[in-house]
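First the structure, in the form of structure tokens, and then the observations on it.
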Amino acid sequence: MNGNAKRTRLDQRRAPIHEALENFRRMRVVPFDVPGHKRGRGNPELTAFLGQQCVGVDVNSMKPLDNLCHPVSVIREAEELAADAFGAAHAFLMVGGTTSSVQSMVLTACKRGDEIILPRNVHRSVLNALVLCGAVPVYVNPEVDTRLGISLGMKREQVAKAIAEHPKAVAVLVNNPTYYGICSDLRAIVRMAHDAGMLCLADEAHGTHFYFGGGLPVSAMAAGADMASVSMHKSGGSLTQSSLLLTGPNVNEGYVRQIINLTQTTSGSYLLMSSLDISRRNLALRGRQVFHQVADMAEYAREEINAVGGYYAFGKELCNGDSVFDFDTTKLSVHTLDIGLAGIEVYDILRDEYDIQIEFGDIGNILAYLSIGDRIQEIERLVSALSEIKRRYHTNGEGLLSQEYIDPEVAASPQEAFYAPKKSLPLRETVGKVCSEFVMCYPPGIPILAPGERITAEILDYIEYAKAKGCSMTGPEDAEILHLNVIAE
């Protein structure tokens with residue numbers, strides 16, 4: 001369904017949740033309900049910090065404000081406006097982050113024992129969903145760019161092979177785009193999935209702007225995908241933890257709502273919902289112009305950073321028509337190893353010495369996330385800081401690792417491994433064992449190890465190297481990651 005063709009049908013200048021909250025504020029209703037701070041009166045420190053304007057509309061569900069679990073009025077209207085703006089059949093407001101959108105998407109498509117085809121470089125929320133529902137992953141191991149050390153998209157022939165070898169799989173899941181801005185051939189993958197009677201699901205945590213930007217990669221809904229998880233709080237400008245779940249015309253809206261209500265709060269935050277409502281309006285009215293400017297800023301930054309020398313700010317030149325079918329030009333991804341520093345080291349220097357907070361640094365790259373709130377002045381400051389870091393810290397790079405992605409050996413399903421009897425062993429004693437927990441650098445939140453995968457010396461080398469370089473490691477029960485839980489034999 002084409003969003004542009006539908007857009008004239010609904011008035012995108014409306015923001016029904018926001019309007020209802022403003023009406024409610026003017027009514028001066030006496031609150032004998034939750035939340036207990038009673039419009040901020042009971043917590044003056046919180047009110048001073050957040051402001052009366054904010055806490056005054058931190059309210060609970062009631063008839064004039066609708067109910068997120070079963071919307072029939074203003075929330076329903078907001079969802080219809082979002083579906084119209086994004087070219088979807090239905091849209092669901094999500095207040096548990098895109099993690100909850102992704103999990104609801106997977107739980108809708110899969111039940112215990114079902115196979116789902118997906119790339120291994122997915123966000124942990126996808127694998128968490130497999131732990132919850134008991135579905136079995138069929139991994140399409142992504143191609144790796146050996147110079148950059150990053151995983152790319154899924155090749156068409158690999159997806160076709162996985163579909164042919166697993167004809168009973170229920171869905172194919174695609175990153176659109178990856179954290180680094182790399183897109184698979186989504187239209188072709190949708191066709192292959194549908195021809196095989198499978199759903200196509202898209203993790204669009206980093207692709208909100210695809211729906212509103214000219215010259216950007218195709219959005220999931222425009223490509224015909226069945227479901228898409230859209231992280232409005234990332235490039236869309238809404239409050240952190242607010243997200244959308246979009247569905248196509250062949251997905252049962254009522255069933256999706258039931259799945260969402262299995263895990264999503266019954267006390268939906270009106271601060272988050274109104275931020276989705278207002279942000280959708282902003283994107284529908286101004287998104288195309290704004291994201292054109294964002295893409296131009298990113299292109300300018302790439303040219304300036306590459307002119308510094310040593311760094312490689314990569315872009316559309318990576319496109320090869322298959323594993324890099326398209327590239328999100330708003331993503332400012334920079335390879336750092338040629339100046340002799342790991343990405344995480346540049347990340348730390350930028351924050352600690354230049355007061356510049358970028359999205360993440362990993363083994364070989366950094367990502368500066370550009371969006372609707374950025375200005376050219378900040379771009380200039382970043383370029384200047386990177387130039388100075390090169391001058392001050394440049395080394396020959398001896399001993400640096402470059403590879404981000406290690407093919408996993410899957411020995412058990414994520415659910416089976418996560419709930420199996422387990423034991424904790426010192427890191428180096430786990431070689432050859434089957435892991436029963438997650439290990440990842442966050443961000444980007446792509447597991448190095450997931451439950452059910454066999455531990456190798458190469459993986460342990462990577463974990464220890466990432467820890468030594470200062471990557472933020474999360475997932476294991478042992479917070480210091482000196483031990484790992486493995487399936488007891």
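Count residues from 1 along the sequence.
Atoms CG and OG, from L93 and S269 in turn, are 11.5 Å apart once rounded to the nearest 0.5 Å. For the atom pair OG1 of T474 and CD1 of I481, the computed distance is 7.0 Å after rounding to the nearest 0.5 Å. Rounding to the nearest 0.5 Å places CD1 of I379 at 4.5 Å from CG of L370. Note that CE of M105 is 8.0 Å distant from OG of S125, once rounded to the nearest 0.5 Å. I349 CD1 to E388 CD: the interatomic distance, rounded to the nearest 0.5 Å, is 11.0 Å. The distance from the OG atom of S323 to the CD1 atom of I182 is 8.0 Å, given to the nearest 0.5 Å.
Taking both residues in full, the closest heavy atoms of L216 and T330 are given as CD2-CG2, 4.0 Å, listed atom of the first, atom of the second, then distance. Of all non-hydrogen atoms in H483 and S424, the two that sit nearest each other are CB-OG, 3.3 Å. Minimum heavy-atom separation, L107 to C133: CD2-CB, 3.3 Å. When all heavy atoms of A342 and L337 are compared, the closest pair comes out as CA-CD2, 4.0 Å. The shortest heavy-atom contact between R156 and D322 is N-OD1, 2.9 Å. Of all heavy-atom pairs between L127 and P414, the closest is O-CB, 4.3 Å.
Cation-pi geometry between R147 and F314 is not met at under 6.0 angstrom from the ring centre and within 45 degrees of the axis.
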Check the pair Y139, L118 against side-chain contact (heavy atoms from CB on, under 4.5 Å), reporting the backbone distance first and the verdict last. CA-CA 5 Å; Y139 289 130; L118 66 161; 4.1 Å; yes
Apply side-chain contact (heavy atoms from CB on, under 4.5 Å) to the pair L201 and I116, showing each step before the final yes or no. CA-CA 10 Å; L201 318 178; I116 178 171; 4.2 Å; yes
Could you walk me through whether K469 and E345 pass salt bridge (charged side-chain N to carboxylate O under 4.0 Å, His left out), step by step? CA-CA 7 Å; K469 286 296 183 184; E345 291 173 315; 3.0 Å; yes
May I have the step-by-step check of salt bridge (charged side-chain N to carboxylate O under 4.0 Å, His left out) for E464 and R428, ending in yes or no? CA-CA 10 Å; E464 290 178 340; R428 283 292 163 182; 2.7 Å; yes
Is there a side-chain hydrogen bond (donor to acceptor under 3.5 Å, both in side chains) between S229 and S101 once you walk through the steps? CA-CA 5 Å; S229 300; S101 296; 4.8 Å; no
List the steps and the verdict of side-chain hydrogen bond (donor to acceptor under 3.5 Å, both in side chains) for S235 and H209. CA-CA 6 Å; S235 60; H209 46 294; 2.9 Å; yes
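When side chains are defined from C-beta on, K422 does not count as touching I487, because their heavy atoms never get closer than 4.5 Å. Inter-residue side-chain proximity for M473 and C441 is flagged as met; some heavy-atom pair is nearer than 4.5 Å. With a 4.5 Å cut-off on side-chain heavy atoms, L367 and I358 do not count as touching. Side-chain contact between V172 and H166: absent, with no pair of heavy atoms (C-beta onward) separated by less than 4.5 Å. Within the 4.5 Å cutoff, the side chain of I150 has no heavy atoms near those of the T178 side chain. Side-chain atoms of L386 and I339, non-hydrogen and from C-beta on, never get closer than 4.5 Å to each other. Within the 4.5 Å cutoff, the side chain of Y211 has heavy atoms near those of the L246 side chain.
Between the side chain of E437 and the backbone N or O of E477 there is at least one donor-acceptor pair closer than 3.5 Å. A side-chain donor-acceptor contact under 3.5 Å links D374 to the backbone of S371. For S279 (side chain) and L276 (main-chain N/O), no donor-acceptor pair under 3.5 Å exists by modelled atom type. Checking side-chain atoms of S104 against main-chain N and O of S100 turns up a donor-acceptor pair under 3.5 Å. Between the side chain of S384 and the backbone N or O of R381 there is no donor-acceptor pair closer than 3.5 Å. In terms of modelled atom types and a separation under 3.5 Å, the side chain of T336 and the main chain of L341 share a donor-acceptor contact. Between the side chain of R187 and the backbone N or O of A223 there is no donor-acceptor pair closer than 3.5 Å. The backbone N or O of G397 lies less than 3.5 Å from a partner atom in the side chain of T395, making a donor-acceptor pair. Judged by distance alone, with hydrogens and angles left aside, the side-chain atoms of D185 form no donor-acceptor pair with the main-chain N or O of G321 at under 3.5 Å. Looking only at distances, no side-chain donor or acceptor of Q357 sits under 3.5 Å from a matching main-chain atom of R351.
Of the N and O atoms on the side chains of Y300 and E380, at least one donor lies less than 3.5 Å from an acceptor on the other residue. Side-chain contact annotation: H194 with D226, donor-acceptor N/O pair under 3.5 Å present.
Checked against the 6.0 Å centroid criterion, the rings of F291 and F212 do not qualify as a close aromatic pair.
A salt bridge links E299 and R302; the closest N-O separation between the charged side-chain nitrogens and carboxylate oxygens is under 4.0 Å. Contact check on E453 versus R120 returns a salt bridge, with a Lys/Arg side-chain nitrogen under 4.0 Å from an Asp/Glu carboxylate oxygen.
Using the six-membered ring where Trp is involved, Y179 and F360 have ring planes that are perpendicular, over 60° apart on the 30 and 60° scheme.
Evaluation of the salt bridge (charged side-chain N to carboxylate O under 4.0 Å, His left out) rule for D407 yields no partner, not counting sequence neighbours. Legend: residues meeting salt bridge (charged side-chain N to carboxylate O under 4.0 Å, His left out) with R281, ordered by chain and number and at least two apart, are absent.
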